Asker: 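Take a look at the following structure, please.
Atoms within a ligand are numbered from 1 in the order they appear, just like the ligands themselves. Bear in mind the structure is a predicted one, so any value in this text is a computation, not a measurement.
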Amino acid sequence: MTDVEGGDGRGDPFDDALALVNGVRAVVAADAPATGGGAGTPSGDARTSAKGRTTSADHRSGPDGPAEPSSRRTPADLPWETARRIAACAVSGPPPPATTALGAALGRTLAAPLSALTDLPSFDTSAMDGWAVSGPGPWRVDHPADAATTGPHHGILAGHAPVDVLPDGHAIPIATGARIPAGATAVLRSEHGEVRRLGDGGLRLYAPRPAPPGQDIRPRGQECRRGDQLLPAGALVTPPVLGLAAAAGYDELTTHPRPRAEVLVLGDELLESGLPREGRIRDALGPMLAPWLRALGVEAAAPRHLADDADALYAAIAESTADVVITTGGTASGPVDHLHPALRGLGAELLVDGVAVRPGHPMLLARLAPRRHLVGLPGNPLAAVSGLCTLAEPLLRTLSGRRPAVTYRTPVSAAVQGHPRDTRLVPVVYRDDARRGLLVEPLRFHGPAMLRGIAAADALAVVPPGGADSGSELELLELPWSAGWSTDWSPGSTTDRTGPDAPHEPTGGTA
Ligand SMILES: Nc1nc2c(c(=O)[nH]1)N[C@H]1C(S)=C(S)[C@@H](COP(=O)(O)OP(=O)(O)OC[C@H]3O[C@@H](n4cnc5c(N)ncnc54)[C@H](O)[C@@H]3O)O[C@H]1N2
Ligand code: MOO
């Protein structure tokens with residue numbers, strides 16, 4: 001069956017995207033042959049899943065009234081905001097902090113405020129290469145006491161500690177970052193002064209303009225005083241935070257450990273390499289989820305693939321020691337959807353069992369033990385992304401001690417069709433419009449089984465039930481890489497199966 005949810009593959013990508021998100025394709029669909037909900041429907045009709053279910057992807061609401069969903073939608077489907085709040089509050093906070101070497105704290109969150117251990121700068125510093133001068137010019141040029149008597153001399157260099165007081169009317173060459181000698185009142189940049197030799201063999205420095213007191217001097221404590229709070233507890237340790245901590249005198253940092261996640265990929269139909277064949281498809285979630293979780297500051301091992309087997313799933317969840325187990329697939333009610341029975345068997349408490357969000361509504365959150373949780377992501381790949389952003393991200397944020405995310409809102413470039421009752425998450429890109437300023441533009445290929453839209457996206461726009469008019473401001477869920485707080489991007493860390501024992505199957509081609 002042709003699945004064209006969220007994209008028709010024709011014409012200009014952006015025009016098509018806008019047409020699709022605005023339901024224009026519904027008109028085309030009316031003309032399309034009735035072939036069991038295939039080509040021509042804007043976001044899917046009745047279709048048969050890999051596991052033989054006939055489902056209804058009810059993302060549409062036609063202009064004459066919504067298509068009533070016939071899929072598993074129970075009164076228990078929670079509003080999207082409520083589900084996110086529950087996920088954020090499922091744990092009271094992060095585990096106890098640990099002290100590590102500075103570099104090892106990257107991607108963790110500060111367990112205590114970062115307070116300066118020193119003034120910064122810790123001494124009065126020259127901001128420029130030139131001369132330290134004392135009082136109004138012209139100035140007689142001195143040399144440091146330790147300067148060579150012959151050959152060129154550089155004056156006071158960074159890292160040196162001048163001991164002599166610079167007398168009024170004198171100047172001394174100085175480098176950027178060098179300590180200002182006592183008695184100096186300003187720094188004159190090298191390009192602003194001219195040195196002339198005097199009759200007695202000495203040197204005199206002239207400046208076309210006066211050098212007001214303090215010019216080009218970074219005074220001690222300009223950035224902070226010892227004890228000042230530089231960052232609050234809960235700040236993410238980013239590369240500049242490491243730099244700041246080092247500048248402020250830290251060798252170690254006390255941070256919350258990264259939460260540990262284990263990804264269990266369910267589905268007999270999934271291949272780990274090569275081309276789709278004989279009704280089987282490539283696993284799109286295993287390669288995506290572990291690095292995505294790492295970008296969220298989480299420790300995630302290589303995903304485990306489980307067959308559609310109730311006992312194997314039960315055992316894998318029971319044996320896992322991760323803070324958060326993330327499963328993919330098996331959330332709905334198909335013949336081999338074993339997640340609910342496994343959770344019942346484990347005595348887990350279902351905190352969220354279905355969310356009023358499209359795609360991804362069968363997502364769930366369960367408490368396995370007081371500080372151990374399971375996020376069940378639906379198998380459809382964009383539905384899994386939706387579950388990751390809706391349930392896993394807020395839970396992991398609290399578990400890693402990070403502060404709540406800032407909510408960004410940006411006007412949308414065109415009207416976006418909504419679901420009648422549910423929130424929609426729609427991949428968007430930023431566009432700087434000459435007339436309207438910064439906008440987000442919805443992307444096509446946003447069907448639940450598609451990753452093509454999200455792979456090109458800067459963010460997911462939160463479209464409220466009922467849709468959004470052109471120009472209305474939509475909340476955005478920034479993707480970790482576009483928000484700039486991703487960590488652990490070293491190439492090795494994203495390749496999960498590199499060992500000599502990694503199974504090898506003939507590939508369907510290498511890009
Ligand atoms: N009777 C009902 N059927 C379905 C409902 C429903 O409410 N009632 N909801 C539909 C919706 S919406 C979604 S989303 C899916 C969720 O299904 P599951 O979480 O049980 O996932 P599966 O059935 O295992 O897979 C669904 C779909 O996704 C493909 N898949 C699974 N894993 C992967 C992977 N790792 N990489 C790529 N693709 C994957 C799988 O082959 C199926 O095509 O249920 C609907 N059905
Ligand atoms: O098809 Mo489902 O809406 O959750 O992706």
Asker: Distance under 4.0 Å to a non-hydrogen atom of Pro362: what atoms of ligand 2 satisfy this?
Answerer: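 The list of qualifying atoms is 4 (O).
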Asker: Short N/O distance, under 3.5 Å, between Gly330 and ligand 1?
Answerer: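 Yes, since at least one N or O of Gly330 sits under 3.5 Å from an N or O of ligand 1.
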Asker: Counting only nitrogen or oxygen atoms and a 3.5 angstrom limit, does Ala332 reach ligand 1?
Answerer: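 Yes: some nitrogen or oxygen of Ala332 is under 3.5 Å from one in ligand 1.
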Asker: Do the side chains of Glu81 and Arg85 get close enough for a salt bridge, i.e. N-O under 4.0 angstrom?
Answerer: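 No salt bridge links Glu81 with Arg85.
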Asker: If you measure from CD1 on Ile326 to CG on Leu285, what distance do you get to the nearest 0.5 Å?
Answerer: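 It is 11.0 Å, given to the nearest 0.5 Å.
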Asker: If the cut-off is 4.0 Å to any non-hydrogen atom of Pro378, which atoms of ligand 1 fall inside it?
Answerer: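 Counting atoms of ligand 1 from 1, those under 4.0 Å from Pro378 are 14 (S), 16 (C), 19 (O).
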Asker: Using 0.5 Å steps for rounding, measure from the NE2 atom of His373 to the CG atom of Leu396.
Answerer: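 One finds 11.0 Å between NE2 of His373 and CG of Leu396.
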Asker: Could you tell me whether ligand 1 has any atom less than 4.0 Å away from a heavy atom of Pro448?
Answerer: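 No, that is not the case, since the closest heavy atom of the residue is not under 4.0 Å from the ligand.
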Asker: By number and element, which atoms of ligand 1 are closer than 4.0 Å to a non-hydrogen atom of Arg282?
Answerer: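 In order of numbering, the contacting atoms are 36 (N), 37 (C).
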Asker: Looking at Glu269, which atoms of ligand 1 are within less than 4.0 Å of one of its heavy atoms?
Answerer: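 So the atoms of ligand 1 that pass are 31 (C), 40 (C), 41 (O).
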Asker: Please round to the nearest 0.5 Å and tell me the distance separating atom OG1 of Thr327 and atom NE2 of His338.
Answerer: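 The NE2 atom of His338 is 12.5 Å from OG1 of Thr327, to the nearest 0.5 Å.
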Asker: Give yes or no for whether the N/O distance cutoff of 3.5 Å, strictly under, is met between Arg358 and ligand 2.
Answerer: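 Looking only at distances, the answer is no, because the N/O contact criterion of under 3.5 Å is not met.
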Asker: So, taking the atom named CD in Glu475 and the one named CG in Leu460, what distance separates them when rounded to the nearest 0.5 Å?
Answerer: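 If I round to the nearest 0.5 Å, the distance is 11.0 Å.
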Asker: With a 4.5 Å heavy-atom cut-off, do Val416 and Arg424 have their side chains touching?
Answerer: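 Counting from C-beta outward, Val416 and Arg424 do come under 4.5 Å.
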Asker: Of all the atoms in ligand 1, which lie at a distance below 4.0 Å from a heavy atom belonging to Ala383?
Answerer: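 Checking each atom against Ala383, I get 14 (S).
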Asker: Would you say the side chain of Pro427 lies within less than 4.5 Å of the side chain of Met450, judging by non-hydrogen atoms?
Answerer: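 No. Closest side-chain heavy atoms not under 4.5 Å.
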Asker: Using heavy-atom distances, let me know which of Thr327, Asn380, Leu266 sits nearest atom 14 (S) of ligand 1.
Answerer: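 Minimum heavy-atom distance to atom 14 (S) of ligand 1 goes to Asn380.
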Asker: Just which atoms of ligand 1 are under 4.0 Å from any heavy atom in Val265?
Answerer: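 Counting from 1, the qualifying ligand atoms are 35 (N).
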Asker: What do the steps show when you test Thr109 against Leu236 for side chain to side chain contact (heavy atoms under 4.5 Å, CB included), and what is the final call?
Answerer: CA-CA 4 Å; Thr109 48; Leu236 181 70; 4.2 Å; yes
Asker: Pairs of nitrogen or oxygen atoms closer than 3.5 Å, one from Ala284 and one from ligand 1: do any exist?
Answerer: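 Between Ala284 and ligand 1 (N or O atoms, distance only) the closest approach is under 3.5 Å.
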Asker: Looking at Asp283, which atoms of ligand 1 are within less than 4.0 Å of one of its heavy atoms?
Answerer: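 So the answer, numbered in order with elements, is 34 (C), 35 (N), 36 (N).
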Asker: For ligand 2, does Pro359 get within less than 4.0 Å through its side chain, its backbone, both, or neither, judged by non-hydrogen atoms?
Answerer: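 Near ligand 2, Pro359 shows its backbone as well as its side chain.
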Asker: Is Val263 close to Trp292 at the side-chain level, that is, under 4.5 Å between some pair of heavy atoms?
Answerer: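 They are not in contact (no side-chain heavy atoms under 4.5 Å apart), so the answer is no.
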Asker: Where on Leu339 is there a heavy atom closer than 4.0 Å to ligand 1, on the side chain, on the backbone, on both, or on neither?
Answerer: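 Neither; nothing of Leu339 gets under 4.0 Å from ligand 1.
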Asker: Taking N or O atoms only and a 3.5 Å limit, does Asp337 qualify as a polar contact for ligand 1?
Answerer: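 It does: an N or O of Asp337 is found under 3.5 Å from an N or O of ligand 1.
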Asker: Nearest heavy atom to atom 4 (O) of ligand 2 wins, so pick from Ala383, Ala449, Gly360, Pro381.
Answerer: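 Residue with the shortest heavy-atom distance to the ligand atom: Gly360.
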Asker: Could you tell me if Arg304 and Ser320 have a donor-acceptor pair between their side chains, going purely by distance under 3.5 Å?
Answerer: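 No donor-acceptor contact under 3.5 Å links the two side chains.
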Asker: Evaluate Pro381 for polar contact with ligand 1, using N/O atom pairs at a separation under 3.5 Å.
Answerer: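 No, Pro381 has no N/O under 3.5 Å of an N/O on ligand 1.
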Asker: Do His305 and Asp283 have side-chain atoms, one donor and one acceptor, less than 3.5 Å apart?
Answerer: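 Looking only at side-chain atoms, Asp283 and His305 do form a donor-acceptor pair, the distance falling under 3.5 Å.
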